[in-house]
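Structure first, commentary second.
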Amino acid sequence: MKEDEIAKLLPIVRVSFRATCAVLLLIVIHTRPALSGVPEGTWLLANRVAVQVFECSGQLCGRIVWLLRPRTRAGQPDLDRLNPDPSLRQRHLCGLTIIWGLQPDGPSHWTDGWLYDPKDGVTYDVTAELTASNTLSARIYRGVPLFGRTEILIRDPQLSFDGRC
C-alpha cells in the first residue's frame, strides 16, 4: 500500500475503532447486573395489596404487609384458601411471601421471577423494571409475556392503618 492510501484510511480506522469501543462499553454497562438499584421498600400492587420488596440471596423477593381487606366478614384473618396445595390453605395472607426469584438483568431490571396471586391461587412468571424512583412496572404472565398483564406498583403509598398486617 502506498503512503497516501494509508493516510486516507487512517481517519476511517480511528472512527471505526472508537465506535467499536463505544459499542463494547455500552454492552458491558447494559449487561452488568446491578443490585445497587434494588427497589427495597413498600409497594402498592393492584390497589389491593402492599408488598415489602427486599433482597434475598442476590434476588428480589416480596411479602404482603398490607391488604385492602385483611379480614373476612366474620372478622377472621384472611387465609390462602385458593392455594392448589390443600395443606397450605390455612396460611395467613399477611406476611406471605408472594414474589421470589427475580434476578438482576441490567440496571433497574429483573427477570425470571415468580409471583403467587392468592386471589386465584396461581403462580405466574414475572419480570420487573424500575421506571422511575417511585414506580415499578411488573409484567405478570404464564409462559409468554405477550399474553400477560402489566401492573404498575407505587412506592411508599399512603395506606390506611386498618389494613396493616
Side-chain angles (χ1 to χ4, degrees), residues 19 21-73 77-85 88-89 91-165:
C21 288
V23 168
L24 289 173
L25 181 62
L26 286 173
I27 289 171
V28 168
I29 289 171
H30 181 70
T31 59
R32 177 181 53 89
L35 274 180
S36 61
V38 171
E40 292 181 318
T42 303
W43 296 84
L44 184 62
L45 172 63
N47 291 324
R48 63 182 171 87
V49 61
V51 177
Q52 178 189 21
V53 173
F54 57 97
E55 189 270 331
C56 57
S57 302
Q59 302 174 344
L60 285 185
C61 295
R63 72 172 68 76
I64 295 173
V65 293
W66 180 89
L67 290 164
L68 180 62
R69 192 198 64 167
R71 300 193 170 277
T72 65
R73 289 186 182 132
D78 207 357
L79 303 176
D80 189 13
R81 1 175 256 294
L82 297 178
N83 196 300
D85 182 345
L88 299 177
R89 292 182 184 159
R91 295 188 302 179
H92 289 236
L93 293 183
C94 283
L96 184 65
T97 297
I98 62 168
I99 299 171
W100 66 95
L102 277 167
Q103 300 180 28
D105 184 31
S108 302
H109 193 265
W110 297 266
T111 59
D112 299 326
W114 296 276
L115 178 135
Y116 171 69
D117 189 348
K119 185 174 142 186
D120 60 11
V122 175
T123 299
Y124 296 90
D125 297 300
V126 66
T127 62
E129 180 177 9
L130 192 61
T131 56
S133 63
N134 63 344
T135 307
L136 188 66
S137 176
R139 186 72 182 163
I140 301 166
Y141 60 96
R142 291 187 77 183
V144 181
L146 178 66
F147 299 116
R149 70 185 190 271
T150 299
E151 295 283 351
I152 303 299
L153 291 82
I154 306 300
R155 185 193 299 263
D156 297 326
Q158 297 297 312
L159 303 169
S160 65
F161 180 73
D162 52 336
R164 289 234 181 251
C165 294

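In this chain, numbering begins with 1 at the start of the sequence shown.
Taken from CH2 in W110 to CG in L136, the straight-line distance is 6.5 Å, to the nearest 0.5 Å. To the nearest 0.5 angstrom, D105 atom CG is 9.5 Å from T127 atom OG1. Atom OG1 of T97 is separated from atom CH2 of W114 by 14.0 Å, given to the nearest 0.5 angstrom. If you take OG1 on T111 and CG on L60, they are separated by 10.5 Å, rounding to the nearest 0.5 Å.
Between E55 and E40, the shortest heavy-atom distance links the atoms N-OE2, 3.5 Å. Nearest heavy atom pair, residue L130 against residue P39, reads CD1-CB, 4.2 Å. The heavy-atom pair separating T123 from Y116 by the smallest distance is OG1-CD1, 3.5 Å. Heavy-atom minimum distance, G121 versus P84: O-CD, 3.2 Å. Contact record, P70 with C94: CB-SG, 4.5 Å, taken as the closest heavy-atom pair.
By the side-chain hydrogen bond (donor to acceptor under 3.5 Å, both in side chains) test, D117 is found to be paired with R48, residues two or more places apart in sequence or in another chain being considered. With sequence neighbours excluded, the residues forming a side-chain contact (heavy atoms from CB on, under 4.5 Å) with I99 are V51, L102, L115, listed by chain and number. Partners of R91 under the side-chain hydrogen bond (donor to acceptor under 3.5 Å, both in side chains) rule, at least two apart in sequence or in another chain, are D80. Among residues two or more places apart in sequence or in another chain, the side-chain hydrogen bond (donor to acceptor under 3.5 Å, both in side chains) test is passed with R155 by none. N47 meets the side-chain hydrogen bond (donor to acceptor under 3.5 Å, both in side chains) test with no other residue; sequence neighbours excluded.
Pairs of residues two or more places apart, or lying in two chains, that qualify as side-chain hydrogen bond (donor to acceptor under 3.5 Å, both in side chains) and include a residue from residues 61-73 are Q52-R63, R69-D78. For residues 114-157, no pair satisfies disulfide bond (SG atoms under 2.5 Å apart), with sequence neighbours left out. Pairs passing the disulfide bond (SG atoms under 2.5 Å apart) check and including a residue from residues 97-152, sequence neighbours excluded, do not occur. Sorted by first then second residue, the side-chain hydrogen bond (donor to acceptor under 3.5 Å, both in side chains) pairs that include residues 134-153, not counting sequence neighbours, are R139-T150, R149-E151. Residue pairs that meet the salt bridge (Lys or Arg N to Asp or Glu O under 4.0 Å) test with at least one member in residues 119-129, sequence neighbours left out, do not exist here.
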Evaluation steps, side-chain contact (heavy atoms from CB on, under 4.5 Å), between Y124 and V122: CA-CA 6 Å; Y124 296 90; V122 175; 3.6 Å; yes

Can you list, pair by pair, the side-chain donor-acceptor contacts under 3.5 Å of residues 156-165, counting residues two or more places apart and other chains?
residue, atom, partner, partner atom, Å
S160, OG, D162, OD1, 2.7

